[in-house]
Structure formats: structure tokens, C-alpha cells
Amino acid sequence: MYKKKIMLSLALAVSFLATNQQNNVKAEEVNDQNIEFKSTIPEGYYDEVLEGQKDTAEYIKNMQLENQKLTNSDVETFAVPIPDGSMGNTGDILYTPSGFSSTSLPVGGHEAIVVDRYSTIEAMGLRQDTDGVRYWTNNFKERYKDARAYTVIGATASQKQSAVNNAKYELYDPYNYSFYEKTRTDAFYCSQLVWRAWYDLGVELDYNGGTAVWPIDLTKGSKVKAI
């Protein structure tokens, strides 16, 4: 399952985007592309491809609604082959004590939730074009020297995918600079986003239950383990 829907569907989308000098690809144009994968991929993958194509179109549409141009870094979010520094699997938590999601964050560290081997969802602040909740390339180990991966103990594949879906629902929300307001649902900082994705499934990962949820708070509890 690691050669997931996004790898297959976005291989088509990336090729299409690369030939568009104006970067004005319309979501519906991506949907109209005729996929001929059914006879060349393992049984059961075709539905994954179609779902991935839908995710791609939604991503492009949201970028256009924000009047943002698709750049090379956006395309690299769905890089093929697997990026150098890729870590974890769907629903896993990536953590570094040495990075920051915002230079105004009073406590160090940064976290991401893994979409798949190719991409993550992360909340970043003080970044002009990528401020807030965005897709990022899953090259976490390359970005941060002290990068670690954690998985939620006992979580099923369905639960892990649901946690990712919860994070996807918050895509393009702004960054939450009110770090002690972790229960906000209109803006997110990095560890708050990961915490909320699992909290909405009834899984409490904040080991001390404080008014803020710092990156390290999601790594200390008994519900996660390093992988």
C-alpha cells in the first residue's frame, strides 16, 4: 500500500502541470484526464487511483481559490519516487525537538502527520506563501537532523487513515499563534493539528492534558511508541 493513490494519480497530474507555462490548471481538467492504469496495476489499486485523482483535483482547486500559483515545490509535495528522508506510514507522527513550526513558538520542536511515504500534512507559521496547514513533501529526515517517527499503539489501518482525513479537513486553515488555545478548530499549530486529528477519533495523545499541546507532549504518553 506504500505505492499509494497519490503516487499513481499525481504522476499524471505532475506531467500535466509541467507542460502548463501559466500554471492555470483547472481541477476539472485533471478530473477529465483518461486514466489507463486498470490493466497495469495490481488488483484493487484502481479505486485508490481514482480517489487519489480526486484528492489531486481538490488540492489544485484550493490553490486556485487562494489565487496561488502552483510552484515546483507544490508539485514536489507528491514526489515520485519516494523522497529522500521519507519517514513513517499513514497516520504516523513525525517529531523533531530541534525544529520549529514558527519562530514565535515558545517551546521548540515540530511535528507532522504522515499522509503516506510521499507527503505529510503540517502546520507552519510565519511563512508568506505556506503559512498554516499545508501538504509538505515527506522528507522530514532530510529537513531535520534529529527526526523521529511514532505510531499510535493498537490503531487500525482504518483509524490511521481517518486521522489523516481529519488533518486533510483542516487544509488551508491559518496558523494558530495562540498556543494556549489548543481547542481552537479554526487555526492550528503543528502539534495541535496532529493532536486534534487523533483526538477527534477519541484518542487522547496529550500526555499531560495542558491548555497547550507542545510537540514533545505527543511523544511521552503510553499511547505511542517510537518506530
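In what follows, residues are counted from 1 in the order of the sequence shown.
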Any side-chain donor near an acceptor of the partner, [X] and [Y], under 3.5 Å:
X: Asn166; Y: Glu170; value: no
X: Thr96; Y: Ser98; value: yes
X: Asn176; Y: Glu181; value: no
X: Ser191; Y: Lys182; value: no

Intermediate values then yes/no, side chain to side chain contact (heavy atoms under 4.5 Å, CB included), Tyr118 and Thr137: CA-CA 6 Å; Tyr118 308 94; Thr137 301; over 6 Å; no
List the steps, then state whether salt bridge (Lys or Arg N to Asp or Glu O under 4.0 Å) holds for Arg143 with Glu122. CA-CA 13 Å; Arg143 281 188 270 151; Glu122 304 174 34; 2.6 Å; yes
Would Val114 and Leu94 count as a side chain to side chain contact (heavy atoms under 4.5 Å, CB included) if you check the C-alpha gap in whole Å, the side-chain angles of each, and the deciding distance to 0.1 Å? CA-CA 7 Å; Val114 178; Leu94 304 185; 3.5 Å; yes
Would a single hydrophobic cluster contain both [Y] and [X], if residues Ile, Leu, Val, Met, Phe, Trp and Tyr are joined by side-chain heavy-atom contacts under 4.5 Å?
X: Tyr169; Y: Trp198; value: no
X: Val194; Y: Val203; value: yes
X: Leu201; Y: Ile153; value: no

Can we call the ring centroids of Trp195 and Tyr207 under 6.0 Å apart? no
[X] [atom1] to [Y] [atom2] distance, which is reported to the nearest 0.5 Å:
X: Asp92; Y: Thr120; atom1: CG; atom2: OG1; result: 12.0 Å
X: Trp136; Y: Ile121; atom1: CH2; atom2: CD1; result: 13.0 Å
X: Gln161; Y: Thr90; atom1: CD; atom2: OG1; result: 5.5 Å
X: Gln159; Y: Thr156; atom1: CD; atom2: OG1; result: 3.5 Å
X: Leu193; Y: Asp173; atom1: CG; atom2: CG; result: 9.0 Å

Mind checking whether [X] and [Y] have side chains closer than 4.5 Å, heavy atoms only?
X: Tyr199; Y: Leu205; result: no
X: Pro215; Y: Cys190; result: yes
X: Val164; Y: Lys168; result: yes

Report the C-alpha distance between Thr219 and Glu111 in whole Å, list the side-chain angles of each, state the deciding distance to 0.1 Å, and finish with yes or no for side chain to side chain contact (heavy atoms under 4.5 Å, CB included). CA-CA 10 Å; Thr219 69; Glu111 279 180 331; 3.8 Å; yes
Between Phe140 and His110, how do the two ring planes meet: parallel, tilted or perpendicular, split at 30° and 60°? parallel
Indicate the ring-plane relationship of Phe179 and Tyr189, choosing parallel, tilted or perpendicular according to the 30° and 60° boundaries. perpendicular
Residues, nucleotides or ligands: over 12 heavy atoms within 6.0 Å of Lys141 NZ: no
Whether Asp116 side chain and Ser119 backbone form a donor-acceptor pair below 3.5 Å: yes
When you look at Asn138 and Val115, which way does the side chain to side chain contact (heavy atoms under 4.5 Å, CB included) test go after all the steps? CA-CA 8 Å; Asn138 186 349; Val115 176; over 6 Å; no
From the options Val213, Thr185, Leu218, Thr183, select the one residue that forms a side-chain contact (heavy atoms from CB on, under 4.5 Å) with Gln192. Val213
As a quick check of understanding, evaluate ring pair (Phe, Tyr, Trp, His ring centres under 6.0 Å) for Tyr180 and Trp214, giving each step before the final call. CA-CA 10 Å; Tyr180 291 93; Trp214 307 118; 5.6 Å; yes
Do you know which two heavy atoms are closest between [X] and [Y], and how far apart they sit?
X: Ala163; Y: Ala197; result: O-CB, 3.3 Å
X: Arg117; Y: Gly88; result: CD-O, 3.0 Å
X: Asp217; Y: Ala212; result: OD2-O, 3.8 Å

Residue list, ring pair (Phe, Tyr, Trp, His ring centres under 6.0 Å) with Tyr150, at least two apart or on another chain: none
Show me the side-chain donor-acceptor pairs of residues 220-227 shorter than 3.5 Å, one per line, residues at least two apart or across chains.
| from | atom 1 | to | atom 2 | distance (Å) |
| --- | --- | --- | --- | --- |
| Lys223 | NZ | Glu204 | O | 3.4 |

